[in-house]
There are 2 protein chains.
Amino acid sequence: MSVTTDIPPPRTTTRERILAVAYDAIIEKGFEATSVEEIATAVGISRAGFFYHFPDKNALARALIDAQVVEEGEMLAGIEARAAELSDDPLQQMLIAMRLMAERYHGMPGGYTGCILASAIFQDRLFDAEVKAANQRSQLAFRARFSGKFAAIAALHPPREAVDPDDMADLLNAVITGGIVVSRAIRDPDVLVRQMLLARVMVKAMYTPG
Amino acid sequence: MSVTTDIPPPRTTTRERILAVAYDAIIEKGFEATSVEEIATAVGISRAGFFYHFPDKNALARALIDAQVVEEGEMLAGIEARAAELSDDPLQQMLIAMRLMAERYHGMPGGYTGCILASAIFQDRLFDAEVKAANQRSQLAFRARFSGKFAAIAALHPPREAVDPDDMADLLNAVITGGIVVSRAIRDPDVLVRQMLLARVMVKAMYTPG
DNA sequence: CCCGAACTTTACCGGAAGTACAGCAATGTC
DNA sequence: GACATTGCTGTACTTCCGGTAAAGTTCGGG
């Protein structure tokens with residue numbers, strides 16, 4: 001066998017560069033407003049070169065969503081792990097995690113995640129069934145991830161009023177997503193951070209006795 | 001002067017029919033995915049006829065946003081008025097209003113408001129500055145509407161932790177908007193209603209002592 | 001030396017936005 | 001009864017974009 005230890009020039013460069021360039025452009029301008037030509041030019045290839053890597057634009061959307069789901073999953077896993085290090089109590093873990101999430105959102109000047117996802121929702125017909133399915137999976141994954149946490153919290157800290165842990169998870173999701181929308185609409189990136197922190201306070205209020 | 005009292009055949013029919021048809025189509029498929037031709041055909045006019053009423057597609061978006069801002073404003077005003085009838089306490093009014101809003105969202109199978117607004121945010125470049133400005137105004141109007149309410153609530157019912165009334169208003173906005181996004185993504189219209197009700201419970205927990 | 005991967009170039013199709021303009025029918029107005 | 005305005009229709013054209021097709025190029029590896 002030949003020695004394969006030396007790394008051949010960074011694998012899959014072009015495809016990944018397309019993804020990176022497309023991601024930035026889409027965050028800034030939206031999916032539909034970003035043309036294939038523009039992406040190709042920015043990457044330094046021809047339009048046909050783009051279609052060599054992706055059968056169509058929807059395939060790009062799918063790849064972007066998949067990549068983001070992985071990235072978001074890793075980020076949340078990292079935050080959860082850190083929170084678990086800092087406290088044994090599930091409520092405290094959640095509050096720590098929410099603060100960490102708020103901090104994470106802080107340094108993102110306009111470049112929020114989830115835009116392609118949200119975009120796909122409001123531009124239904126522009127995306128094929130696979131894209132929408134990927135989208136749905138990612139939302140349900142978020143619910144699954146946090147539902148258990150909220151159930152664990154409720155077991156130790158009876159809430160002031162009974163709530164469904166799935167709904168709590170969805171609310172967290174909605175606050176983040178809605179926070180992004182409102183932030184962008186008002187053109188004030190801080191809104192998202194403040195939403196996150198406010199949601200944290202409300203979760204605390206919900207699960208702590210007077 | 002001529003007698004102008006007799007109403008000439010219902011004024012602005014065609015323009016309004018365009019708006020109605022476009023609204024439905026955009027809710028279902030998205031703004032970009034809805035072609036001018038399609039709208040014109042559905043209305044029963046030619047493509048050129050459409051451009052007689054609107055200089056371009058952006059003008060349609062603007063008109064739609066304006067119409068929706070008015071409609072939403074009236075709906076919220078109605079709900080607030082009803083809540084004020086039912087209770088003198090600002091907290092109770094808010095809780096009543098949130099329940100009424102949840103009920104309002106209940107009978108809407110997929111056809112949620114705000115889609116054009118949200119769509120505009122994620123498809124930045126497809127819309128001109130006027131559309132985005134209209135959007136921003138509508139979000140700030142929402143904040144202004146509810147900020148005062150939350151301030152009044154806090155004055156009578158000290159919250160368990162100090163919160164900014166503007167942030168509370170934005171949170172409500174974010175829950176609704178995010179709820180729409182999540183609902184659509186998961187393909188479960190009930191999510192939005194449950195979010196609203198859950199947010200209500202959390203507001204209650206926030207402003208009532210143990 | 002040839003193969004396949006990763007492209008390029010060129011050319012083309014169809015759909016959609018937007019422009020321009022000529023014309024036409026109905027509804028008033030003078 | 002002539003005339004003008006409103007609210008369109010129809011046609012033709014431009015530009016941009018996604019997508020397809022196909023032939024050619026470059027280059028590294030077996």
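First the proteins, then the strands, lettered A, B, ... as listed; each starts at 1. Note that the structure is a prediction, hence the values are computed from the model and not measured. Hydrogens, waters and symmetry mates are skipped; everything else that's a heavy atom, side chains included, is used.
Following rounding to the nearest Å, B/Ile45 (CD1) and D/dT6 (P) show an atom-to-atom distance of 17 Å. Note: CZ (B/Arg17) to P (D/dG7) measures 13 Å, nearest angstrom.
Between B/His53 and D/dC8 there is a side-chain polar atom (N or O) within less than 4.0 angstrom of OP1 or OP2. OP1 or OP2 of D/dC8 lies within a sub-4.0 Å distance of a side-chain N or O belonging to B/Thr14. A close approach under 4.0 Å does occur between a side-chain nitrogen or oxygen of A/Tyr52 and OP1 or OP2 of C/dA6.
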Side-chain donor-acceptor contacts of residues 44-56 of chain B below 3.5 Å, not counting sequence neighbours, with atom names and distances?
| unit_1 | atom_1 | unit_2 | atom_2 | d |
| --- | --- | --- | --- | --- |
| B/Ser46 | OG | B/Gly49 | N | 3.1 |
| B/Asp56 | OD1 | B/Asn58 | N | 3.2 |
| B/Asp56 | OD1 | B/Ala59 | N | 3.0 |

Identify every side-chain donor-acceptor pair in residues 143-152 of chain B under 3.5 Å, counting partners at least two apart or on other chains, and give the distances.
| unit_1 | atom_1 | unit_2 | atom_2 | d |
| --- | --- | --- | --- | --- |
| B/Arg143 | NE | B/Asp170 | OD1 | 3.1 |
| B/Arg143 | NE | B/Asp170 | OD2 | 3.2 |
| B/Arg143 | NH2 | B/Asp170 | OD2 | 2.7 |
| B/Arg145 | NH1 | B/Glu80 | OE1 | 3.4 |
| B/Arg145 | NH2 | B/Gly73 | O | 3.3 |
| B/Ser147 | OG | B/Asp166 | OD1 | 2.5 |

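Side-chain contact between A/Arg62 and A/Ile65 is absent, with no heavy-atom pair separated by less than 4.5 Å. Side-chain contact check for A/Ile176 versus A/Met101: some heavy-atom pair is nearer than 4.5 Å.
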Hey, what are the protein-to-nucleotides 15-23 of chain C N/O distances that come in under 3.5 Å?
| unit_1 | atom_1 | unit_2 | atom_2 | d |
| --- | --- | --- | --- | --- |
| C/dA17 | OP1 | B/Val36 | N | 3.2 |
| C/dA17 | OP1 | B/Lys57 | NZ | 3.2 |
| C/dA17 | OP2 | B/Val36 | N | 3.0 |
| C/dG18 | OP2 | B/Lys57 | N | 2.9 |
| C/dG18 | N7 | B/Arg47 | NH1 | 3.3 |
| C/dG18 | N7 | B/Arg47 | NH2 | 3.1 |
| C/dG18 | O6 | B/Arg47 | NH2 | 2.5 |

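Between the side chains of B/Asn173 and B/Gln139, at least one donor N or O sits under 3.5 Å from an acceptor N or O.
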Please test B/Asp164 against A/Arg194 for side chain to side chain contact (heavy atoms under 4.5 Å, CB included), starting from the C-alpha separation and ending with a verdict.
CA-CA 9 Å; B/Asp164 183 307; A/Arg194 294 212 304 272; 5.8 Å; no
